[in-house]
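Only this structure's heavy atoms are used, side chains among them; waters, hydrogens and symmetry mates stay out. Within every chain, numbering begins at 1; the chains are lettered A, B, ... in the order of the sequence lines, protein sequences first and strands thereafter.
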There are 2 protein chains.
Amino acid sequence: MTIATGQTHLPSCTDCPIRHRAVCARCEPDELQTLDAIKYYRSFEAGQTIIWSGDKMDFVGSVVSGIATLTQTMEDGRTQMVGLLLPSDFVGRPGRDGAPYDVVATTDIMMCCFRKKPFEQLMMTTPHIAHRLLEMTLDELDAAREWMLVLGRKTAREKIASLLSIVARRDASLDARRPGGPMIFDLPLTREAMADYLGLTLETVSRQMSALKRDGVIRLEGKRHVTVPDMGRLMEEAGDDSDGGCLA
Amino acid sequence: MTIATGQTHLPSCTDCPIRHRAVCARCEPDELQTLDAIKYYRSFEAGQTIIWSGDKMDFVGSVVSGIATLTQTMEDGRTQMVGLLLPSDFVGRPGRDGAPYDVVATTDIMMCCFRKKPFEQLMMTTPHIAHRLLEMTLDELDAAREWMLVLGRKTAREKIASLLSIVARRDASLDARRPGGPMIFDLPLTREAMADYLGLTLETVSRQMSALKRDGVIRLEGKRHVTVPDMGRLMEEAGDDSDGGCLA
DNA sequence: CGGCTCACTTGATCTACGTCAAGGATGGAT
DNA sequence: ATCCATCCTTGACGTAGATCAAGTGAGCCG
């Protein structure tokens with residue numbers, strides 16, 4: 001699905017395709033109307049930077065379709081991805097002006113945006129929207145901290161396995177996924193993006209992907225299409241006996 | 001200051017020593033009274049675990065004095081610190097039951113706690129408390145993401161310098177700190193704790209501390225008392241031209 | 001005072017991952 | 001069809017930081 005950049009017409013909040021996780025998940029009909037009034041859709045092409053680090057952000061919103069990343073960059077060019085935005089994930093910092101990192105579309109992407117000022121006012125008068133935001137922020141915080149363990153203490157192989165199991169779990173939508181059955185999905189990231197996520201180089205990512213394939217932990221068709229015959233095995237490889245955090 | 005474990009009497013919220021950053025920073029007198037009603041103080045000894053990962057948490061609260069850490073541990077014992085709690089920092093997850101990581105007192109510590117259930121009810125009816133919590137959570141999220149860059153992409157020397165500049169900045173209270181003047185503070189962490197924070201081994205931490213000392217970036221009296229003659233220099237070493245994130 | 005522990009330092013070696021370099025596969029433009 | 005640009009793989013080699021192993025020095029308790 002490729003969409004031209006710019007504003008388009010899409011269903012209103014009352015039948016928003018991502019209501020199950022988004023801000024408006026628990027809104028009453030009249031609150032949805034209010035949200036509709038300040039809402040607009042916006043699409044970006046793969047590779048486009050949606051928000052530059054330091055920019056003033058005048059909206060908040062959710063990803064409807066496509067994938068984006070949050071990245072931080074040092075002056076010498078070293079970059080670290082600090083978040084992955086999949087459909088239904090929220091972007092934005094009510095009450096804050098600047099963005100602390102770049103938001104980049106890695107595929108063509110559709111965002112459902114709310115103008116920030118009116119959204120903040122709505123938040124003031126609608127307690128459960130504020131609570132929903134707090135919940136989502138706590139989820140992201142948990143995910144970020146889980147990822148700190150990955151970055152600080154896991155080996156390259158464990159890092160790759162961790163990333164694969166996160167993507168596999170988030171990509172639940174796809175496929176007959178009987179519990180225990182194989183998980184099949186498309187990696188939404190290049191090897192370089194994976195490396196930036198995991199604090200590795202793209203060569204190391206490539207080598208470890210080959211190793212996991214050689215050892216039968218995953219199967220690869222092409223470079224991006226992944227089959228995980230045994231999720232339990234993959235999670236062992238990730239060093240995760242817990243169900244593993246899901247980086248928001 | 002050493003305090004026996006258990007409940008003690010301390011000033012009420014109306015003159016809480018940490019109001020400047022804590023939940024109640026913006027409360028009206030009547031709201032403070034309500035907070036007082038569900039509040040209690042609790043102290044822990046150095047080394048005590050305040051909350052075990054997976055435990056049910058029945059309170060939220062702030063650190064009044066002393067230092068605690070948030071750590072995650074893998075089954076094989078590898079551990080990663082995911083947060084540092086200094087005085088006025090908040091602990092707790094309104095709306096959540098379990099703790100996702102251990103909270104450990106690294107010094108004797110005094111906490112100002114609110115019983116969770118009534119606190120959550122208060123939050124429902126007091127919008128600006130909910131907003132304050134959202135703000136604090138966003139701060140922690142920013143700090144966690146800043147730290148992801150440290151863990152994923154910085155060298156051992158840069159990591160140490162990053163940690164030192166965070167502690168220096170948070171320990172602002174101490175000393176004549178004319179801007180540009182030397183910063184003097186006590187490290188609240190053992191070399192091992194620093195290592196767990198930075199994703200290094202204690203030997204590497206020790207070596208890099210010695211190197212920074214040898215190169216005149218810091219001065220050490222004993223093992224813990226640090227003088228930073230030039231904060232700008234330290235921040236350069238951290239690879240931070242920005243003012244550097246402050247890990248909450 | 002000696003002996004103990006705990007936190008730290010320093011050295012010698014090992015290794016996982018980074019770096020540099022040379023291809024291969026795919027897909028889109030001409 | 002051929003050219004080119006991306007994205008990916010694989011090999012050879014170098015190095016930052018881990019690991020293993022001795023110490024040192026400060027507090028503490030008899």
Side-chain angles (χ1 to χ4, degrees), chain A residues 2 45-47 67 69 74 76-80 106-108 150-164 186-215 218-226 237 239, chain B residues 2 45-47 67 74 76-80 106-107 150-164 186-215 218-226 237 239:
Chain A
T2 306
E45 285 170 6
I67 283 134
T69 61
M74 296 172 64
D76 61 7
R78 281 177 281 177
T79 82
Q80 175 65 51
T106 59
T107 65
D108 291 335
V150 172
L151 291 173
R153 291 303 187 191
K154 292 196 179 178
T155 64
R157 175 184 262 241
E158 289 169 334
K159 285 177 173 182
I160 300 281
S162 299
L163 178 55
L164 290 176
D186 282 302
L187 267 176
L189 302 171
T190 65
R191 298 289 186 262
E192 188 180 19
M194 292 172 70
D196 283 341
Y197 208 178
L198 298 166
L200 299 169
T201 59
L202 69 147
E203 292 95 331
T204 299
V205 170
S206 184
R207 274 187 253 272
Q208 296 298 337
M209 289 289 287
S210 301
L212 288 173
K213 181 175 150 194
R214 169 173 42 72
D215 299 345
I218 59 173
R219 248 167 286 141
L220 282 173
E221 268 126 298
K223 290 129 201 300
R224 300 288 192 88
H225 193 73
V226 181
E237 292 284 352
Chain B
T2 306
E45 286 171 7
I67 283 133
M74 296 172 65
D76 62 8
R78 281 176 281 176
T79 83
Q80 175 65 50
T106 59
T107 64
V150 173
L151 290 173
R153 292 300 187 193
K154 291 197 179 176
T155 64
R157 173 182 263 242
E158 289 169 334
K159 285 177 174 183
I160 301 280
S162 299
L163 178 55
L164 290 176
D186 281 302
L187 266 176
L189 302 171
T190 64
R191 299 289 187 261
E192 189 181 17
M194 293 173 70
D196 283 341
Y197 209 177
L198 298 167
L200 299 170
T201 60
L202 65 132
E203 293 95 331
T204 299
V205 170
S206 183
R207 274 187 253 272
Q208 296 298 336
M209 288 288 288
S210 301
L212 288 174
K213 182 176 149 192
R214 170 173 40 73
D215 299 345
I218 58 173
R219 248 169 288 143
L220 282 173
E221 267 126 299
K223 290 129 200 297
R224 301 286 193 89
H225 193 75
V226 181
E237 291 284 351

Which residues satisfy the salt bridge (charged side-chain N to carboxylate O under 4.0 Å, His left out) test with R78(B), sequence neighbours excluded?
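Counting only residues at least two positions away or on another chain, R78(B) forms a salt bridge (charged side-chain N to carboxylate O under 4.0 Å, His left out) with E158(A), D76(B).
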
Results of salt bridge (charged side-chain N to carboxylate O under 4.0 Å, His left out) for R157(A) - residues two or more places apart only:
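D215(A), E237(A).
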
With sequence neighbours excluded, residues passing side chain to side chain contact (heavy atoms under 4.5 Å, CB included) with [X]:
{"X": "T106(B)", "result": "I67(B), T69(B)"}
{"X": "K213(B)", "result": "I218(B), L220(B)"}
{"X": "S206(B)", "result": "none"}

Stepwise side chain to side chain contact (heavy atoms under 4.5 Å, CB included) test for M209(A) and M194(A)
CA-CA 11 Å; M209(A) 289 289 287; M194(A) 292 172 70; 3.9 Å; yes

Which part of the nucleic acid, if any, lies within contact of G199(B), taking any heavy atom under 4.0 Å across all strands shown: a base, the sugar-phosphate backbone alone, or nothing?
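Sugar-phosphate contact only.
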
Under 4.0 Å, heavy atoms only, any strand: does T201(B) hit a base, just the sugar-phosphate, or nothing?
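The answer is base, as T201(B) lies within the cut-off (heavy atoms under 4.0 Å) of a base atom.
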
Just jot down the side-chain hydrogen bond (donor to acceptor under 3.5 Å, both in side chains) partners of T79(B), sequence neighbours excluded, or say none.
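Applying side-chain hydrogen bond (donor to acceptor under 3.5 Å, both in side chains) to T79(B) gives D196(B).
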
Outermost DNA chain D nucleotides near chain A [under 4.0 Å, heavy atoms]
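The contacted stretch runs from dC8(D) to dA12(D).
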
If we ignore hydrogens and angles and just use 3.5 Å, is the side chain of R207(A) paired with the main-chain N or O of L202(A) as donor and acceptor?
no

Detail all sub-3.5 Å separations between protein N/O atoms and N/O atoms belonging to nucleotides 20-26 of chain C.
from, atom 1, to, atom 2, distance (Å)
dC20(C), N4, E203(A), OE2, 3.2

Heavy atoms within less than 4.0 Å of DNA chain D: which residues of residues 153-160 of chain B have one? Give them sorted by number.
T155(B), A156(B)

